[in-house]
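Side-chain atoms are counted along with the backbone in the values below, which use heavy atoms only and exclude waters and symmetry mates.
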Amino acid sequence: MQNKNVKPWYKVWWIWIIIVFVVFLIFGLLGFNQGKDSSSVSSKSNSQKVEQSSSDSKQDNVPTEYKNALDKAETYANTMSMSKDKIYDQLTSSYGEKFGAKPAAYAMKNLKANWNKNALEKAKTYQNDMKMSKDSIKQQLTSSYGEKFTDSQAQYAVDHLN
């Protein structure tokens, strides 16, 4: 015969105390491990610290607007495969980022990008998504109204399409 007064497990108060204790224990351990990770990251060798501090001091002298322009330029180059001229136009455009000429020039001077690779990525997009011919792709890549790649960058891209 079964006892009718037995409560279901989720209605027993001491079960909830155990659950809360276990949850706190888990979060405590996770917090402890995160603290360990951050301390191990901060324990760099002396040569790395000296190297980093010298590069930081160089960047400390650069105005924030210049750094922001460079960050935007890197985003355009790395994620949108834009050309150097198109990035500069985007940075200085009143419809774009609205940076001044000096921050944009700083960004372009310090931007590290593989322009041939960017031209090829754009060419692949035109070939696969827009179903354009190689001649049309080259024209679009070099157009002053289009992508603004150089002739040699566009030729590289067209030559390396499938």
Side-chain angles (χ1 to χ4, degrees), residues 23-162:
V23 168
F24 279 116
L25 182 66
I26 290 171
F27 281 118
L29 290 174
L30 288 176
F32 178 73
N33 285 340
Q34 287 175 350
K36 276 182 155 179
D37 292 342
S38 65
S39 68
S40 67
V41 168
S42 66
S43 62
K44 295 179 181 177
S45 70
N46 287 337
S47 63
Q48 288 175 328
K49 287 180 182 178
V50 169
E51 217 174 271
Q52 184 178 3
S53 66
S54 66
S55 67
D56 287 348
S57 65
K58 288 179 187 175
Q59 286 191 351
D60 286 343
N61 297 333
V62 177
T64 301
E65 187 171 5
Y66 286 50
K67 292 177 190 177
N68 290 346
L70 178 57
D71 286 345
K72 278 292 186 176
E74 288 171 346
T75 299
Y76 287 127
N78 297 331
T79 62
M80 298 177 72
S81 301
M82 292 172 72
S83 69
K84 190 173 187 175
D85 288 346
K86 187 109 176 181
I87 293 171
Y88 181 84
D89 289 348
Q90 185 66 23
L91 291 176
T92 58
S93 171
S94 60
Y95 299 105
E97 301 300 332
K98 300 180 184 178
F99 285 106
K102 287 183 180 181
Y106 170 84
M108 300 318 299
K109 180 181 176 185
N110 292 285
L111 178 61
K112 306 285 189 262
N114 184 336
W115 303 114
N116 285 338
K117 179 183 171 230
N118 284 8
L120 180 57
E121 289 301 314
K122 282 291 183 182
K124 287 177 181 178
T125 300
Y126 285 121
Q127 183 182 48
N128 297 332
D129 298 344
M130 312 271 298
K131 309 298 183 197
M132 293 171 68
S133 69
K134 286 186 176 186
D135 288 340
S136 295
I137 292 170
K138 185 173 180 189
Q139 183 179 6
Q140 184 66 25
L141 291 177
T142 58
S143 170
S144 61
Y145 298 106
E147 300 300 331
K148 299 185 178 186
F149 284 101
T150 65
D151 285 330
S152 63
Q153 292 163 353
Q155 189 62 53
Y156 173 88
V158 170
D159 290 345
H160 289 85
L161 284 173
N162 295 336

message = side chain to side chain donor-acceptor pair (under 3.5 Å), that's the test. Do Thr150 and Gln153 meet it? Break it down for me.
response = CA-CA 5 Å; Thr150 65; Gln153 292 163 353; 3.3 Å; yes
Keeping Lys86 on the side-chain end and Gly146 on the backbone end, is there a donor-acceptor pair under 3.5 Å?
yes
**Any side-chain heavy-atom pair of Met80 and Thr75 under 4.5 Å** = no
- Kindly indicate whether the side chain of Glu74, heavy atoms from C-beta on, has any atom under 4.5 Å from the side chain of Leu111. yes
Worksheet item: Considering only heavy atoms from C-beta outward, does the side chain of Phe149 approach that of Asn118 to under 4.5 Å?
Response: yes
What I'd like to find out is whether the side chain of Tyr66 reaches to under 4.5 Å of the side chain of Leu70, using heavy atoms alone. no
| query | With side chains defined as the heavy atoms from C-beta onward, is the minimum distance between Gln90 and Met82 less than 4.5 Å? | reply | yes
Between Ala101 and Thr92 the two heavy atoms that sit nearest each other are CA-CG2, 4.5 Å
Smallest heavy-atom separation, Ser81 atom then Glu121 atom, equals OG-CB, 3.4 Å
Quick note, salt bridge (charged side-chain N to carboxylate O under 4.0 Å, His left out) partners involving residues 128-141, not counting sequence neighbours, are none
Does atom CD of Gln139 have more than 12 heavy-atom neighbours from other groups under 6.0 Å away? no
Ala69 and Pro103 have their tightest heavy-atom pair at CB-O, 3.5 Å
For residues 153-162, the salt bridge (charged side-chain N to carboxylate O under 4.0 Å, His left out) pairs (sequence neighbours left out) are none
Taking every heavy atom of Met108 against every heavy atom of Leu91, the minimum-distance pair comes out as SD-CD1, 4.1 Å
Min side-chain heavy-atom separation Thr125-Met130 under 4.5 Å = no
d(His160 NE2, Gln155 CD) to nearest 0.5 Å is 10.5 Å
List the steps, then state whether side chain to side chain donor-acceptor pair (under 3.5 Å) holds for Tyr76 with Glu97. CA-CA 11 Å; Tyr76 287 127; Glu97 301 300 332; 2.5 Å; yes
- Query: Is Tyr126 close to Glu147 at the side-chain level, that is, under 4.5 Å between some pair of heavy atoms?
  - Reply: yes
For Asn116 and Ser152, the nearest pair of non-hydrogen atoms, with its separation, is OD1-O, 4.4 Å
Trp115 and Ser83 have their tightest heavy-atom pair at CZ3-C, 3.7 Å
What verdict does the side-chain contact (heavy atoms from CB on, under 4.5 Å) test give for Lys72 and Phe99, after you've listed the backbone C-alpha separation in whole Å, the side-chain angles of each residue and the deciding distance to 0.1 Å?
CA-CA 10 Å; Lys72 278 292 186 176; Phe99 285 106; 4.1 Å; yes
Would you call Lys124 and Leu120 a side-chain contact if the rule is heavy atoms closer than 4.5 Å?
-> yes
